[in-house]
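What follows is one structure encoded as structure tokens, with my remarks underneath.
Values in this document were obtained by computation on a predicted structure and should not be read as measured data.
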Amino acid sequence: MNYAKTALLLAAMTAIFVALGALIGGQAGLVIAFFIALVMNAVSLWKSDSIVLRMFNAQEVSETSAPELYSIVRDLARNADLPMPRVYIMNNPQPNAFATGRSPSHAAVCASTGLLEALNKEEIAGVLAHELAHIKNRDTLTMAVAATIGGAVSMVAQYMQFGMLFGGNRGNDRGALGAIGTLAAIILAPMAAGLVQMAISRSREYQADRLGAMICGRPLWLASALRKIDSSARRIPNDQAEAIPAAAHMFIINPLNGHGVDNLFSTHPNVVNRIAALEALARDMGATGMETSGRSSRPGEVWIGGQNYTKPPNPWG
């Protein structure tokens, strides 16, 4: 089913991109945009994970450079019966995380420095379990393709807006619809691309919450993490995500979130609804709190790596 969604997404994004090409350059622009779209589709299918990780300047870490984080991912991957994904950290103050990759054997999980500093080990485990659920459900290919091609559509629309502002499209010689068509494309193309992304986001997040809670075994770990991340996302800007809004749907919490309303134009479900669903699942599973088998952890403890490990000056050692 996710492969079918990916195919439909590629087709929709390609149609939007080709239509923009026609508006910019008429028939010639349509042909050029079509061939560019073919190349983009091929690259996004096979290299979308690398593209997305570069978008956010994520750095890969190892068991040596980030022992606690790596250990959490390894244990959760074993619980989920998944191959060990690559582990990345992005230097960003907003607590957030995402997963990417075209398949479980070519997957990566990425956490922000803000997430590692603000959440305790149990909450981080809940977040990473959610991301592994996306990998297990094979959501990550669709998510990454939407981010890469959606970003390209937004970039072309911005180019058209720039050209229009500086008088680059005063007549009909630059496209069949002239200035009116260009203006319509500037407004509608990013919206259309966003609606395609949003259409695949909301039920997927509920499913990943549920499966992630089962992977870590404690739904309330993830519920507590969502509550903290959502609160922080309203206060702490994510400049990288603001620059690439087409990738917002990849994160566990919308990095552009400022409204918390469960409506058509939200890339994620309302966090209150997600937490309520996790609390109901916890009751069904008989889980009562954040207790663990050992001592309770504190925010930022994954940096410490256990006993006598000093927090490094940067997140990758």
Side-chain angles (χ1 to χ4, degrees), residues 69 72-73 75-82 94-99 109 111-112 114-137 139-140 143 198 200-236 248-302:
L69 179 62
I72 291 171
V73 175
D75 292 344
L76 291 171
R78 186 182 299 118
N79 290 350
D81 194 25
L82 286 169
Q94 184 189 83
N96 228 317
F98 66 86
V109 294
S112 70
L115 184 93
L116 301 180
E117 291 171 346
L119 273 59
N120 62 37
K121 183 190 293 187
E122 291 79 16
E123 292 162 341
I124 292 171
V127 169
L128 295 175
H130 170 99
E131 299 307 330
L132 290 176
H134 279 309
I135 294 172
K136 193 170 183 68
N137 287 337
D139 294 329
T140 50
M143 294 159 68
M198 294 169 202
I200 63 171
S201 290
R202 301 172 75 179
S203 62
R204 186 191 64 222
E205 291 302 322
Y206 282 119
Q207 292 165 4
D209 284 346
R210 183 175 182 84
L211 179 57
M214 293 179 175
I215 289 172
C216 70
R218 299 281 182 168
L220 296 183
W221 292 359
L222 178 55
S224 178
L226 290 176
R227 189 176 288 108
K228 288 184 179 180
I229 298 170
D230 181 58
S231 174
S232 296
R234 299 168 189 273
R235 296 181 290 100
I236 304 172
H249 64 282
M250 297 189 63
F251 289 83
I252 187 169
I253 290 289
N254 185 357
L256 315 176
N257 184 13
H259 301 289
V261 180
D262 207 355
N263 58 44
L264 178 64
F265 294 96
S266 174
T267 59
H268 293 69
N270 189 330
V271 172
V272 173
N273 294 344
R274 294 172 68 182
I275 291 172
L278 287 165
E279 290 174 342
L281 179 62
R283 290 191 293 271
D284 291 343
M285 295 174 61
T288 58
M290 297 284 292
E291 70 274 8
T292 64
S293 58
R295 60 186 178 86
S296 60
S297 62
R298 299 177 298 276
E301 195 164 65
V302 294

CD1 (Ile253) and CG (Leu115) are apart, to the nearest 0.5 Å, by 11.0 Å

ask   = Is there a donor-acceptor pair under 3.5 Å between the side chain of Asn79 and the backbone N or O of Cys216?
value = no

Between Ala111 and Leu116, the two heavy atoms sitting closest are CB-CD2, 4.3 Å

Rounded to the nearest 0.5 Å, the CG atom of Asp230 sits from the CG atom of Asn270 at a distance of 8.0 Å

Taking every heavy atom of Pro255 against every heavy atom of Ala248, the minimum-distance pair comes out as CD-O, 3.4 Å

In terms of heavy-atom contacts, Ala208 and His130 come closest through CB-CE1, 3.5 Å

Any ion pair linking Glu205 and Arg274 (charged N to carboxylate O, less than 4.0 Å)? yes

Check: Asn96 side chain, Ser112 main-chain N or O, donor-acceptor pair, under 3.5 Å: no

Rounding to 0.5 Å, atoms CD1 (Ile236) and CD1 (Ile229) come to a distance of 11.0 Å

Smallest heavy-atom separation, Ala213 atom then Leu278 atom, equals CB-CD2, 3.9 Å

Rounded to the nearest 0.5 angstrom, the CD1-CG distance for Ile215 and Leu76 is 7.5 Å

Interatomic distance, CZ@Arg227 vs CG@Leu222, rounded to 0.5 Å, equals 10.5 Å

Value for NE2 (His134) from CE (Met250), rounded to nearest 0.5 Å, stands at 9.5 Å

Counting distance only, does the side-chain N/O of Asn137 pair as donor-acceptor with the main-chain N or O of Asp139 below 3.5 Å? no

By salt bridge (Lys or Arg N to Asp or Glu O under 4.0 Å), Lys228 pairs with (sequence neighbours left out) Glu123

Would Asp209 and Leu281 count as a side-chain contact (heavy atoms from CB on, under 4.5 Å) if you check the C-alpha gap in whole Å, the side-chain angles of each, and the deciding distance to 0.1 Å? CA-CA 10 Å; Asp209 284 346; Leu281 179 62; over 6 Å; no

The side-chain contact (heavy atoms from CB on, under 4.5 Å) partners of Ala99 (sequence neighbours excluded) come to Val109, Glu131, Ile135, Thr140

Under 3.5 Å: donor-acceptor pair, side chain of His268, backbone of Phe251:
yes

